[in-house]
Amino acid sequence: MDIELMLKKAVLNAVGKLYEQTPDEKLIQIQKTRKDFDGDFTLVVFSLLRISKKPPEQTASELGEYLKDNVEQISEFNVIKGFLNLSINKSFWILYLNTVVQDDNYGFIKNKENPKTILIEYSSPNTNKPLHLGHIRNNLLGYSVAKILETQGDKVYKVNLVNDRGIHICKSMLAYQKWGKGEKPSKEKKGDKLVGDYYVKFDQEYKKEINDLVAKGQSEENAKKNALLILEAQEMLRKWESKDSEVISLWKEMNQWVLEGFDVTYKNLGVDFDKVYFESDTYKLGKELVLEGLEKGVFVKKEDGSIWVDLTKEGLDQKILLRSDGTSVYMTQDLGTAHQRFTDYNADEAIYVVGNEQNYHFQVLKIILGKLGFSWSEYLHHLSYGMVELPEGKMKSREGTVVDADDLLDEMTSTAEEMSRELGKLEGYSDSEKKQIIETIGLGALKYFILKVDPKKTMTFDPKESIDFNGNTGPFIQYTYARIQSIIRKANDRGIELPIEINSKIKISNKELQLIKLIYSYPEVLKEAANDYSPAQIANYIYDLAKEFNQFYHDHPILGEDDKSISEFRLYLSKQLGEIIKSGMELLGINVPDRM
RNA sequence: GGCCCCAUAGUUCAAGGGAUAGAAUAGCAGUUUCCUAAACUGUAGAUCCAGGUUCGAGUCCUGGUGGGGCUACCA
């Protein structure tokens, strides 16, 4: 029952009858009527003037008359300038609500005929330092987009590619070897934090050495290359590649610490993966693809033996694919893993959740795969999200200006606790219940704060001003849900049983109508969010829904309403709004509490 | 230097080429004998600049200004 499609056809028909010319379907623009005007759907007639050959107002009026007379669901119309506002029978909307109530997963596509297999890679951390706010955005986005895509009936696999090898890993290993004195992870300092500290330590010592060398007369450039520390780190990488047992065992131990640390963060964040790949297993993949490409003449070999792709025709640069010593670079391994993934899962589409600083990399990756003749390169999508910035600019690990993921999570929980206590909300709850509610609220505030922003956009986070709990926030929505559940509990206590169907003849207010129309939009919102890979669209929709509900709640008694049919209708409406809030929040990875 | 992205109330975010640019927060002024006041109501406040395309531009095009990113035989 798609009313918009029906209206479109009716308009097409009406234009044909009135002006004896059938317009291109694209000229029919039907949109939802804006709040401040009367009506449910609006036809913009400007594009039809060429056919009607009459002024906008007249065209709109003529069409309005015709539609009102010929379309059963249209009860009224009004014309403002070139906008024809159509009102749909209220009973239609009530009947619509009836069908929604009976649908368990309202808005989701079920039993899709040819479901796609979609891979989504997110998180992809380096094992040399703990996760920070930027990673949080990545993780929340990846997890949420996966859920959103599933609503469209497709099969989605979440994968993580752990970046566990390379010079940056050797830096923290070397620093640990030199200054670690056998320190082990503890309750006070979990593994990723410990390893991260040595990564910072390396950088400090390295900088000192560079300064010393510069003081002795070397150029800064040379000093960077000649510093003993970096030479030692490079030597360590060579040992790692040649599987030196001592280096490998230290590497394994330290990586394990970090991964265990990450697991705690992931668990607290509530994200997970269907499969975890390690770059140490996959970094050699892709070499063959490059050699194949060389044979086909897609790539070129330079005198020193390094292999390149020339993208100057595409308006880009030359890009190295294999070093002169035959080892792989980032691009090489990404070519390999892309290929492996598409074959492993027989995937139709692959999404990479990676920051926009890598736009160039993914642009190149896609072009190269295309040049190699893989038709699926077209279905490789870089979900490029904006950086999270502090008021003073970008976060920098080495300058200690990062917002640590674990610290932030803890802070959110304690703020939630403080606020709950101040508001006197926690009285009468058991300790475990309190803990659960507080965590749900704190985490909800953080997740919503991040996901409500369009993924593509750079966002600002001010650590000094803690994340809000009032207004357009996660807790506001959670509170609305808890309110609804409270009403439902009370209804149950009073033994109120809902009829199977809502009486479609009752009178409903504008606010109630507005709420039903919002419910009607949900499937469309999900579709758009999936198309755009944008949890923000769901977040903003749910906020709107919650806000409208609170207004409705304020001046419409639900259980206190004397007219039984109306009371039942409002209860139905509230219940359904609760369901959608829950459903939408779940898609954002946010839990909703029954009370708070 | 070259390439890419961004610019909306004091601040953080919205706005499928459509009507009077929405919220939140901070500010000011209000609402609890009534289903949870983490709520609701009122008030004030914004499209970086200059051109262009269009019936219609925050949105599209050109130029400028300001900010960010990429341009590694790092990942």
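Here is the naming used below: chain letters follow the sequence lines, and residue numbers restart at 1 for every chain.
For the residue pair A:Asp164 and A:Thr127, no side-chain donor N or O sits within less than 3.5 Å of a side-chain acceptor on the partner. Between the side chains of A:Gln358 and A:Tyr330, at least one donor-acceptor pair of N or O atoms lies under 3.5 Å. No donor-acceptor contact under 3.5 angstrom links the side chains of A:Ser87 and A:Asp38, judged on distance only.
With sequence neighbours left out, A:Thr413 forms a side chain to side chain donor-acceptor pair (under 3.5 Å) with no residue at all. Residues forming a ring-ring contact (aromatic ring centres under 6.0 Å, His included) with A:Phe83 (at least two apart in sequence, or on another chain): A:Phe46. Taking A:Asp36 as the reference, A:Arg34 meet the side chain to side chain contact (heavy atoms under 4.5 Å, CB included) condition, with sequence neighbours excluded. In this structure A:Lys547 satisfies the salt bridge (Lys or Arg N to Asp or Glu O under 4.0 Å) test with no other residue, sequence neighbours excluded. Taking the side chain to side chain donor-acceptor pair (under 3.5 Å) definition, one finds that A:Asn591 meets it with nothing, sequence neighbours left out. Applying the ring-ring contact (aromatic ring centres under 6.0 Å, His included) criterion to A:Phe569, with sequence neighbours excluded, gives no partner residue.
Counting distance only, with no hydrogens placed and no angle test, the side-chain atoms of A:Ser420 and the base atoms of B:A38 include a donor-acceptor pair under 3.5 Å. With hydrogens and angles ignored, no donor-acceptor pair closer than 3.5 Å exists between the side chain of A:Ser486 and the base of B:C35.
Note: CE (A:Met412) to C1' (B:A38) measures 13 Å, nearest angstrom. Protein atom CG of A:Asp544 is 12 Å distant from nucleotide atom P of B:A15, rounded to whole Å. Look at OH on A:Tyr553: it is 11 Å from P on B:C34, rounded to the nearest Å. If you measure from atom CD of A:Gln318 to atom P of B:C70, you get 21 Å, rounded to the nearest angstrom. In this entry the distance linking NZ of A:Lys53 with P of B:C55 reads 17 Å, nearest Å. Per the geometry, CD belonging to A:Glu4 stands 15 Å off P belonging to B:G16, to the nearest Å. Protein atom NZ of A:Lys425 is 7 Å distant from nucleotide atom P of B:A37, rounded to whole Å. In this structure, the CZ atom of A:Phe549 is 11 Å from the P atom of B:A37, given to the nearest Å.
As rounded to the nearest Å, B:A44 and B:C48 have C1' atoms that lie 23 Å from one another. The P atoms of B:C49 and B:G58 are separated by 11 Å, rounded to the nearest whole Å. Comparing B:U41 with B:A23, their C1' atoms are spaced 16 Å from each other, to the whole Å. For B:U32 and B:A15, the P atoms lie 37 Å apart once the distance is rounded to whole Å. Comparing the P positions of B:A19 and B:U59 gives a spacing of 13 Å, expressed to the nearest Å. Spacing between B:A14 and B:A7 at atom P, rounded to whole Å, works out to 9 Å. Annotation: B:U31 and B:U47 have their P atoms spaced 34 Å apart (nearest Å). B:G17 and B:A26 have their P atoms separated by 34 Å, with the value rounded to a whole Å.
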**Request:** Take nucleotides 1-10 of chain B nucleotide by nucleotide from the 5' end and write B, S or -, depending on whether a protein heavy atom sits under 4.0 Å from the base, only from the sugar-phosphate, or from neither.
**Result:** ------S---
**Request:** Any chance you could list the contact pattern along nucleotides 17-31 of chain B? Use B for base contacts, S for sugar-phosphate-only contacts and - for none, protein heavy atoms under 4.0 Å, 5' to 3'.
**Result:** -BBS--SSS------
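Within 4.0 Å of A:Asp454, counting heavy atoms only, lie sugar-phosphate atoms of the nucleic acid but no base atom. Within the 4.0 angstrom heavy-atom criterion, only backbone atoms of the sugar-phosphate kind lie near A:Met459; the bases stay farther away. Residue A:Ile558 is in base contact, counting any heavy-atom pair closer than 4.0 Å across all strands shown. Among the atoms of the strands shown, none is found under 4.0 Å from any heavy atom of A:Ile230. At a threshold of 4.0 angstrom between heavy atoms, the contacts of A:Thr460 are confined to the sugar-phosphate backbone, with no base atom among them. A:Ala482 comes within 4.0 angstrom of a base, heavy atoms only. Residue A:Arg595 is in base contact, counting any heavy-atom pair closer than 4.0 Å across all strands shown.
Within the structure, every pair that satisfies the salt bridge (charged side-chain N to carboxylate O under 4.0 Å, His left out) test and touches residues 40-59 of chain A, not counting sequence neighbours, is listed here: A:Asp40-A:Lys517, A:Lys54-A:Glu62. Sequence neighbours left out, not one pair with a member in residues 463-475 of chain A passes salt bridge (charged side-chain N to carboxylate O under 4.0 Å, His left out). Sorted by first and then second residue, the salt bridge (charged side-chain N to carboxylate O under 4.0 Å, His left out) pairs with a member in residues 308-337 of chain A read A:Glu314-A:Lys371; sequence neighbours excluded.
Considering only side-chain N and O atoms, A:Arg323 lies under 4.0 angstrom from the phosphate OP1 or OP2 of B:C74. Contact annotation: A:Gln551 side-chain N/O to B:U41 OP1/OP2 distance is under 4.0 Å. Using a 4.0 Å cut-off, some side-chain N or O of A:Arg483 falls inside it from OP1 or OP2 of B:A37.
At least one cation-pi condition fails for A:Arg137 and A:Tyr385: the charged atom is not both under 6.0 angstrom from the six-membered ring centre and inside a 45 degree cone around its axis.
Glycosidic conformation of B:U32: syn, with the torsion inside 90° of 0.
For A:Val329, whose side chain is taken as the heavy atoms from C-beta onward, the closest listed nucleotide among B:G69, B:A75, B:A38 is B:A75. Side chain of A:Trp308, nearest nucleotide from B:C35, B:A38, B:C73: B:C73.
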**Stepwise side chain to side chain donor-acceptor pair (under 3.5 Å) check, A:Tyr522 with A:Gln576** = CA-CA 12 Å; A:Tyr522 188 51; A:Gln576 190 54 42; over 6 Å; no
**Asked** Given the rule in the side chain to side chain donor-acceptor pair (under 3.5 Å) test, do A:Asn128 and A:Ser172 qualify, once you have shown the distances and angles that lead to the verdict?
**Response** CA-CA 6 Å; A:Asn128 62 340; A:Ser172 42; 5.4 Å; no
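Summary of the strand contacts: A:Gln358 and A:Ile487 both lie near RNA chain B, and taking for each the nucleotide with the nearest heavy atom, the more 5' one is attributed to A:Ile487.
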**Message:** Give the dot-bracket line for RNA chain B from 5' end to 3' end: parentheses for intra-strand Watson-Crick or G-U pairs under 3.5 Å, square brackets for crossings, | for inter-strand pairing, dots for unpaired.
**Reply:** (((((((..((((....[...)))).(((((.......)))))....(((((..]....))))))))))))....
